[in-house]
Protein chains: 2
Amino acid sequence: MRIGELARRAGVSTRALRYYEQRGLIRSRRSANGYREYDESDVRIVTEIRGLMSVGFTLDDARPFVDCLRSGHPSGSSCPESVAVYRRKLAEIDDRIRDLLARRSEVAAQFAEACPGCLLPRRGE
Amino acid sequence: MRIGELARRAGVSTRALRYYEQRGLIRSRRSANGYREYDESDVRIVTEIRGLMSVGFTLDDARPFVDCLRSGHPSGSSCPESVAVYRRKLAEIDDRIRDLLARRSEVAAQFAEACPGCLLPRRGE
DNA sequence: CTTGACCTTGTCGTTGGCGTCAAGCTTTAC
DNA sequence: GTAAAGCTTGACGCCAACGACAAGGTCAAG
């Protein structure tokens with residue numbers, strides 16, 4: 001299939017696919033007229049990339065998963081490198097959450113001080 | 001005082017101060033040779049800006065606080081516009097925290113699936 | 001034959017808050 | 001008199017993941 005069909009099937013833009021190629025995440029054969037040609041395994045790879053990005057992974061984060069798929073594994077996460085990325089991302093997310101909670105309480109405190117009569121909204125309201 | 005002293009006293013770079021001026025957050029008089037001249041109120045303003053930025057406010061978020069200070073209030077947060085920003089930022093932080101918690105559980109679930117034997121690290125460990 | 005839907009490469013723009021030169025003033029210290 | 005320190009404006013760089021053109025080649029349908 002050509003880039004337009006891959007884009008539709010994977011739910012991304014053709015621009016994104018060319019960018020992934022430029023970043024080394026996908027490859028393409030070229031047909032005689034210079035058009036990029038893809039197959040089913042590319043649909044799988046791009047789907048994997050988007051799934052990871054939807055939970056906050058960068059393209060570099062996704063690379064080990066792509067490599068894992070390409071090396072024949074049925075799942076992109078069944079390689080030790082992918083598992084390592086999972087651990088790192090979990091730690092990053094946890095750091096970020098801690099940071100936001102600290103900020104939240106600082107802002108809430110300043111808010112309460114600035115507006116003593118104000119009803120302090122609780123988290124989530 | 002000139003820009004270098006203000007920078008030292010407020011703990012920012014001179015580049016940052018010129019940037020704040022360009023963004024309309026601080027103003028400066030010019031002495032005969034073209035150098036920027038500041039006074040104590042500018043130290044206060046820049047300190048306020050940095051305090052807000054340290055908890056995740058953008059320069060635009062800080063603007064009402066600066067205006068509040070400049071209009072004669074002893075605190076930058078004692079104006080209704082500032083209070084409104086507090087509310088909005090609290091909501092933004094809460095949204096972000098909710099988003100991260102959702103991501104965290106998704107990643108944790110995929111991780112557990114990919115690595116069934118792995119000990120799932122709990123949040124914060 | 002021409003329209004229009006594809007495809008190609010290349011380049012600039014986006015967002016925030018500056019860092020980092022560049023090239024040239026002024027002022028201060030010795 | 002000169003060197004160092006401080007000041008000026010201006011402009012590019014950064015980071016991620018593309019979006020949005022531009023200018024052109026390709027191919028099937030009518």
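Just so we're on the same page: letters track the sequence lines, and every chain starts at 1.
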Separation of atom [atom1] in [X] from atom [atom2] in [N], rounded to whole Å:
| X | N | atom1 | atom2 | value |
| --- | --- | --- | --- | --- |
| B:Arg18 | D:dG6 | CZ | P | 13 Å |
| A:Leu6 | C:dC7 | CG | C1' | 14 Å |
| B:Asp60 | C:dC18 | CG | P | 13 Å |
| B:Arg63 | C:dG17 | CZ | C1' | 13 Å |
| A:Ile3 | D:dC27 | CD1 | C1' | 17 Å |
| B:Glu37 | D:dG6 | CD | P | 15 Å |
| A:Arg50 | D:dA17 | CZ | P | 10 Å |
| A:Glu21 | C:dT8 | CD | C1' | 12 Å |

From the set [options], return the single nucleotide nearest to any side-chain atom of [X].
| X | options | value |
| --- | --- | --- |
| B:Arg2 | C:dG17, D:dC18, D:dG6 | D:dG6 |
| A:Leu59 | D:dC18, C:dT26, D:dT26 | D:dC18 |
| B:Thr58 | D:dG19, C:dG17, C:dT27 | C:dG17 |

> Which heavy atom of B:Glu81 sits nearest a heavy atom of B:Pro64, and at what distance?
Replying inline: CB-CB, 3.9 Å

>> Here's a test of your reading of the structure: between B:Gly34 and A:Ala16, which maps to the more 5' nucleotide of DNA chain D?
In response: B:Gly34

> When the nearest nucleotide of DNA chain D is assigned to A:Arg23 and to A:Tyr35 on a heavy-atom basis, which residue is associated with the more 5' position?
Replying inline: A:Arg23

>> Under a plain distance cut-off of 3.5 Å, with no hydrogens placed, do A:Asp39 and A:Ser41 share a side-chain donor-acceptor pair?
In response: yes

> When you check the side-chain N and O atoms of B:Tyr19 and B:Arg23, is any donor under 3.5 Å from an acceptor?
Replying inline: yes

Is there a side-chain contact between [X] and the phosphate of [N], meaning an N or O under 4.0 Å from OP1 or OP2?
| X | N | answer |
| --- | --- | --- |
| A:Asn33 | D:dC27 | yes |
| A:Tyr20 | D:dC18 | yes |
| A:Arg30 | C:dT9 | yes |
| B:Arg36 | D:dC7 | no |
| B:Ser13 | C:dG19 | yes |

> Is a donor-acceptor contact shorter than 3.5 angstrom present between the side chain of B:Arg15 and the base of C:dT20?
Replying inline: yes

> Any donor-acceptor pair under 3.5 Å joining the side chain of B:Tyr19 to the base of C:dG19?
Replying inline: no

> Side chains of A:Met1 and A:Val43: does their closest heavy-atom pair fall under 4.5 Å?
Replying inline: yes

>> Using side-chain heavy atoms (C-beta onward) and a distance below 4.5 Å, is A:Val85 in contact with A:Arg88?
In response: yes

